[in-house]
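To start, the structure under review is shown below, and the notes come after it.
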Amino acid sequence: MTGTTLPTTEDLRTRARDSLAALGVTVPEGDDFSARSPITGDDLFGLRAATAADTEETIAATREAFLTWRTTPAPRRGELVRRLGELLRDHKGELADLITIEAGKIRSEALGEVQEMIDICDFAVGLSRQLYGRTIASERPGHRLAETWHPLGVVGVISAFNFPAAVWSWNTAVALACGDTVIWKPSELTPLISLACDRLLTQAAEDVGAPRDVHRLLLGDRTTGEKLVDDPRIALISATGSTRMGREVGPRVAARFGRSLLELGGNNAAVVAPSADLDLAVQGIVFAAAGTAGQRCTTLRRLIVHRDIADTLIARLTAAYRKLPIGDPFDETTLVGPLISTTALDTMQDALTRAQAEGGKILAGGNRRLADAAPRAGYAEPVLVRVDAQTDVVREETFAPILYVQTYDTLEEAIALHNDVPQGLSSSIFTRDQQEAELFLSAEGSDCGIANVNIGTSGAEIGGAFGGEKETGGGRESGSDAWRAYMRSATNTINYSSRLALAQNVSFL
Ligand code: UN1
């Protein structure tokens with residue numbers, strides 16, 4: 001049940017080096033910071049970070065490349081993204097290895113993350129022929145109104161450790177198809193997968209004859225991110241991370257009238273109604289709450305269960321939680337890998353202490369695992385906590401596998417509880433009652449950017465827009481019409497008559 005054998009740091013280092021070599025990556029070795037693996041909690045190699053001069057040169061180069069790229073026809077820009085998608089397919093295994101090594105994801109989820117990158121490339125290739133503007137009926141004879149979409153500029157992508165590659169790809173594939181160039185500042189916790197993605201995109205650019213500087217990677221700490229945030233040459237900052245980070249980034253970008261696209265914390269809930277199919281609900285809940293060791297922004301953090309089925313559901317969840325295999329994410333039988341660090345483990349333990357002080361009761365899980373085998377790593381049992389009220393700790397996002405369970409009597413009460421948190425990313429209802437499902441999806445239902453029925457809160461497909469409301473930041477990335485955030489629109493009035501007619505019947509001269 002519990003894999004107690006873990007790979008050694010030396011094994012991980014070798015595996016990382018092999019994957020990087022197969023991907024053709026030259027590692028910028030140095031002693032500014034280290035690549036590390038949460039599997040053992042140890043450093044893998046020292047790396048060089050970008051200097052202020054590197055950042056300046058990168059901004060200038062991507063700006064220069066933008067001037068060419070914006071005039072390249074969009075379907076030809078799509079060829080770059082198509083090539084990237086092919087290279088991602090060719091290197092799926094090695095990329096997944098790096099994601100497991102650096103983010104601790106189990107194999108299936110790491111492969112899923114690479115698949116998400118491939119999917120968004122396919123989407124963006126199609127998009128490159130569908131950057132539609134509308135033609136609008138003019139009120140004047142002999143006139144036509146049109147909406148045209150143009151490339152925006154350089155996009156700065158700031159991404160987090162938990163989806164170290166997919167979130168970059170949602171932004172980058174779409175931005176490139178839209179005619180923008182991209183600078184990527186990944187999490188310091190996941191430099192190796194970033195180097196790999198950058199290498200494949202550089203290769204793709206070379207293969208299709210696109211400018212080399214359509215994409216650049218900057219490894220570094222927050223000062224590098226801050227330079228991008230404050231530089232007026234960066235047209236859009238797309239940032240994924242904590243609400244605390246977004247609170248700093250949003251106003252700073254706004255102060256220079258730049259655009260920002262923020263994808264911040266979630267505190268996602270599922271309502272389980274009396275008519276729910278409990279087999280399906282249990283599976284959906286356990287994946288959404290314990291999958292990725294609770295480290296998705298879409299992770300299920302709150303369960304709002306109808307009082308009549310609460311005991312049954314809790315008993316089934318408790319049994320499922322006790323059986324979760326925790327350990328080496330490379331082991332095919334493991335379902336829960338490590339938290340990103342022992343700091344994340346401490347944060348989880350603090351939240352559990354607070355939850356208990358606020359009246360919560362632990363129903364299953366919550367203990368540290370593998371402390372002897374890997375004292376510097378943060379393995380933890382996903383935990384179910386029964387709460388009677390939505391206290392302070394329940395209203396916060398703790399980036400760990402903690403699921404707070406509360407009960408309700410009426411659907412109105414469940415929806416009110418559901419929406420009574422500062423965040424608004426993802427949500428779901430398990431029910432077989434269509435009226436309940438429709439109410440949950442309606443304007444008076446869930447207030448989130450993602451609202452699901454009979455499926456958990458996490459694991460969205462790329463075809464829909466991804467993002468949320470309130471403290472989640474309001475941005476939309478990935479599919480649907482999220483591409484508009486990466487372009488600027490212009491309204492054109494074209495007079496094809498020989499008479500000057502003023503709008504609103506104004507007469508002049
Ligand atoms: C994130 O956690 O930042 O919907 C992104 C999901 C994934 C993306 C999560 N497709 O869970």
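Whatever order the structure lists ligands and atoms in, that order sets their numbers, starting from 1. The chain is numbered in sequence order, starting from 1.
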Ligand-side contact atoms (ligand 1) for residue partner Phe466, heavy atom cut-off under 4.0 Å: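 Close to Phe466: 4 (O), 5 (C), 9 (C).
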Ligand-side contact atoms (ligand 1) for residue partner Ser458, heavy atom cut-off under 4.0 Å: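 Matching atoms, with element in brackets: 11 (O).
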Proximity of Ile462 to ligand 1 by residue part, where a heavy atom lies under 4.0 Å: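 Within the 4.0 Å criterion, Ile462 makes no contact with ligand 1.
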Which segment of Trp170 sits under 4.0 Å of ligand 1 when only heavy atoms are counted: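 For Trp170, only side-chain atoms sit under 4.0 Å from ligand 1.
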Of the protein's non-hydrogen atoms, which lies at the shortest distance from [atom], and what is that distance?
atom	answer
atom 10 (N) of ligand 1	Glu116 OE2, 3.0 Å
atom 1 (C) of ligand 1	Cys297 SG, 2.7 Å
atom 6 (C) of ligand 1	Gly459 N, 3.2 Å
atom 4 (O) of ligand 1	Ala460 N, 2.7 Å

Any Phe161 heavy atom less than 4.0 Å from ligand 1: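 False for this residue.
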Within-shell test, Glu263 vs ligand 1, heavy atom, strictly < 4.0 Å: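 True for this residue.
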Distance (rounded to the nearest 0.5 Å) between Leu261 CG and Leu236 CG: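 Spacing of CG (Leu261) from CG (Leu236) equals 5.5 Å.
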Please report whether ligand 1 has a polar contact with [X], defined as an N or O pair separated by less than 3.5 Å (distance criterion only).
X	result
Arg296	yes
Val167	no
Asn162	yes
Phe163	no
Thr298	yes

Taking the basic N atoms (NZ, or NE/NH1/NH2) and the acidic carboxylate oxygens, is any pair closer than 4.0 Å for [X] and [Y]?
X	Y	value
Asp481	Arg476	no
Glu397	Arg302	no
Asp122	Arg82	no
Arg395	Asp420	yes

Above 12 or not: heavy atoms from other molecules or residues under 6.0 Å from [atom1] of [X]?
X	atom1	answer
Arg129	CZ	no
Leu278	CG	yes
Arg256	CZ	yes
Gln130	CD	yes

Worked verdict on Asn171 versus Ser238 for side-chain hydrogen bond (donor to acceptor under 3.5 Å, both in side chains): CA-CA 8 Å; Asn171 283 284; Ser238 176; 2.6 Å; yes
